[in-house]
Amino acid sequence: MRVTTWNVNSLNARKARFIEWTCEASPDVICLQETKMKPEAFPYLELEGMGYESAHFGQGQWNGVAILSRVGITNVKVGLDGGDGSSEEARAISANCGGVSVVCVYVPNGRSLEDDHYRYKLEWLSKLKLHLEKNYRPDQDLVVAGDFNIAPTDLDVWSPEALIGCTHVSEPERDALRELCEFGLTDSLRKFYPQSGIYSWWDHRGGAFHKRQGMRIDYLLVSKSVESRLKWALIDRNARKGEKPSDHAPVTIEFSPPV
DNA sequence: ATGGTAGAGGATCTA
């Protein structure tokens with residue numbers, strides 16, 4: 001079973017690249033972030049033509065998350081427990097795909113350490129943990145995937161020195177991520193690649209990609225039962241090259257399916 | 001020169 005997470009930074013703008021990449025990589029499940037699409041605009045039929053059933057939580061201009069599956073999709077849940085209902089931003093969607101529980105998240109950016117959005121980010125992360133505790137058990141097949149907007153350690157950024165005092169690397173954010181993982185989740189990519197220099201996001205500005213100035217902020221956290229069946233993990237940097245790329249590369253894992 | 005780019009939407013806001 002192959003599962004991908006990809007912040008596409010507008011599904012409309014990424015349509016051609018998304019279709020090209022998906023046909024080539026052919027994941028069973030795809031978690032999308034930043035669809036930036038109204039609910040009624042989501043291309044359910046076109047995705048069905050590619051073999052994917054999908055569930056979308058969209059709000060238009062910003063945010064927007066979706067789960068695509070070609071192994072079935074049931075028990076779709078939109079948002080987080082403890083959220084504000086209809087006023088909640090479109091940052092989380094969950095479903096069961098072929099016997100595996102999948103949670104797709106787009107964690108708030110935080111903007112700066114002094115910004116209210118930074119406090120919102122930390123609160124959102126604690127709500128995500130409550131959401132996991134309420135809806136799942138650590139001993140089941142669970143994948144929590146998405147754009148976390150946190151670089152877990154200094155290994156995950158191009159220059160810790162250049163990022164002192166910035167969001168994505170602050171201790172409270174990293175603590176919140178560790179607390180989330182205490183539910184029983186492991187950073188799947190790090191099982192295969194312990195080294196530095198592996199990133200999933202590069203700023204569109206200043207030629208950051210070509211200068212290798214990136215961060216690893218997109219990942220798939222997996223429960224023990226999935227971890228024990230992992231075959232490989234990969235960040236496809238090629239998707240960040242060429243015409244009209246997203247600023248994020250897709251991250252994919254493959255594991256033996258449920259028995 | 002407090003800079004740069006991309007996306008949405010139609011002026012700025014977000015990242």
Side-chain angles (χ1 to χ4, degrees), chain A residues 5-21 30-43 46 56-66 79 84 87-93 104-125 128 145-152 156-159 161-170 172-174 176-177 199-219 235-251:
Chain A
T5 182
W6 196 3
N7 180 325
V8 288
N9 188 10
S10 168
L11 187 53
N12 267 334
R14 218 61 58 213
K15 194 138 199 193
R17 293 293 301 260
F18 169 78
I19 292 171
E20 179 196 29
W21 186 88
I30 308 176
C31 296
L32 297 180
Q33 300 86 38
E34 285 205 87
T35 60
K36 294 187 173 179
M37 191 173 266
K38 288 195 169 81
E40 61 270 25
F42 195 79
E46 195 171 347
H56 177 230
F57 180 21
Q59 67 179 72
Q61 195 170 11
W62 293 308
N63 310 315
V65 284
D84 303 314
S87 66
E88 181 177 352
E89 288 187 313
R91 293 183 177 276
I93 188 167
C104 168
V105 299
Y106 175 46
V107 176
N109 175 284
R111 297 177 192 162
S112 74
L113 301 189
E114 304 77 29
D115 202 299
D116 280 347
H117 205 256
Y118 178 73
R119 282 196 301 114
Y120 169 55
K121 180 181 196 174
L122 296 176
E123 284 162 13
W124 199 92
L125 286 162
L128 174 58
D147 175 1
F148 288 80
N149 272 315
I150 301 169
D156 300 299
V157 299
W158 64 279
S159 170
E161 296 74 25
L163 294 165
I164 290 170
C166 295
T167 59
H168 297 61
V169 298
S170 75
E173 294 166 74
R174 288 175 168 174
L177 179 63
Y199 312 128
S200 66
W201 172 85
W202 301 260
D203 203 318
H204 275 126
R205 294 167 285 191
F209 180 70
H210 301 287
K211 293 187 225 166
R212 301 183 181 275
Q213 298 179 345
M215 290 191 202
R216 195 175 67 90
I217 57 177
D218 306 86
Y219 23 87
I235 299 178
D236 187 1
R237 290 181 78 257
N238 291 322
R240 183 61 178 79
K241 301 174 182 173
E243 289 291 308
K244 277 179 82 71
S246 169
D247 44 354
H248 297 253
V251 189

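Per chain, numbering begins at 1; letters A, B, ... match sequence-line order.
- The gap from the C1' atom of B:dG10 to that of B:dG4 amounts to 23 Å, rounded to the nearest Å.
- For A:Q33 and A:T5, the side-chain atoms include at least one donor-acceptor pair closer than 3.5 Å.
- With both ends at atom P, the span from B:dA15 to B:dG9 equals 15 Å, rounded to whole Å.
- The shortest distance between the side-chain N/O atoms of A:R111 and the OP1/OP2 oxygens of B:dT14 is below 4.0 Å.
- Taking atom CD1 of residue A:I150 and atom P of nucleotide B:dA15, one finds them 14 Å apart after rounding to whole Å.
- Nucleotides B:dT2 and B:dG7 place their P atoms 25 Å apart, quoted to the nearest Å.
- Nearer to the 5' terminus of DNA chain B, by closest-nucleotide assignment, is the contact made by A:A13 (compared with the other of A:A13 and A:N109).
- Nucleotides B:dA8 and B:dG3 place their C1' atoms 23 Å apart, quoted to the nearest Å.
- Between the P atom of B:dG7 and the NZ atom of A:K15 lies a distance of 15 Å, rounded to the nearest Å.
- Checking A:N9 against A:Y106, the closest nucleotide of DNA chain B that is more toward the 5' end is the one next to A:N9.
- A donor-acceptor pair shorter than 3.5 Å can be found between the side chains of A:K36 and A:N9.
- Between B:dT12 and B:dA1, the two C1' atoms lie 22 Å apart (nearest whole Å).
- A:N63 places its CG atom 17 Å from the P atom of B:dG7, with the value rounded to the nearest Å.
- Taking every side-chain heavy atom of A:W62 into account, B:dG7 is the closest of B:dG4, B:dG7, B:dA8.
- In this structure, the CG atom of A:D203 is 13 Å from the P atom of B:dG7, given to the nearest Å.
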May I have the step-by-step check of side chain to side chain contact (heavy atoms under 4.5 Å, CB included) for A:V157 and A:H168, ending in yes or no?
CA-CA 9 Å; A:V157 299; A:H168 297 61; over 6 Å; no
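- Distance A:R17 CZ to B:dA6 C1': 14 Å, rounded to the nearest Å.
- Proximity of A:R14 to the phosphate of B:dG7: a side-chain N or O atom is located under 4.0 Å from OP1 or OP2.
- Distances shorter than 4.0 Å separate none of the side-chain N or O atoms of A:K38 from OP1 or OP2 on B:dA8.
- Rounded to an integer number of Å, the gap from CZ of A:R205 to C1' of B:dG4 is 7 Å.
- For A:H204, whose side chain is taken as the heavy atoms from C-beta onward, the closest listed nucleotide among B:dA6, B:dG7, B:dA8 is B:dA6.
- The interatomic distance linking A:K36 (NZ) with B:dA8 (C1') rounds to 7 Å, in whole Å.
- To the nearest angstrom, P of B:dA6 lies 10 Å from CD of A:E243.
- Each of A:V105, A:N149, A:I150 was scored for a side-chain contact (heavy atoms from CB on, under 4.5 Å) with A:L125, with one residue passing: A:I150.
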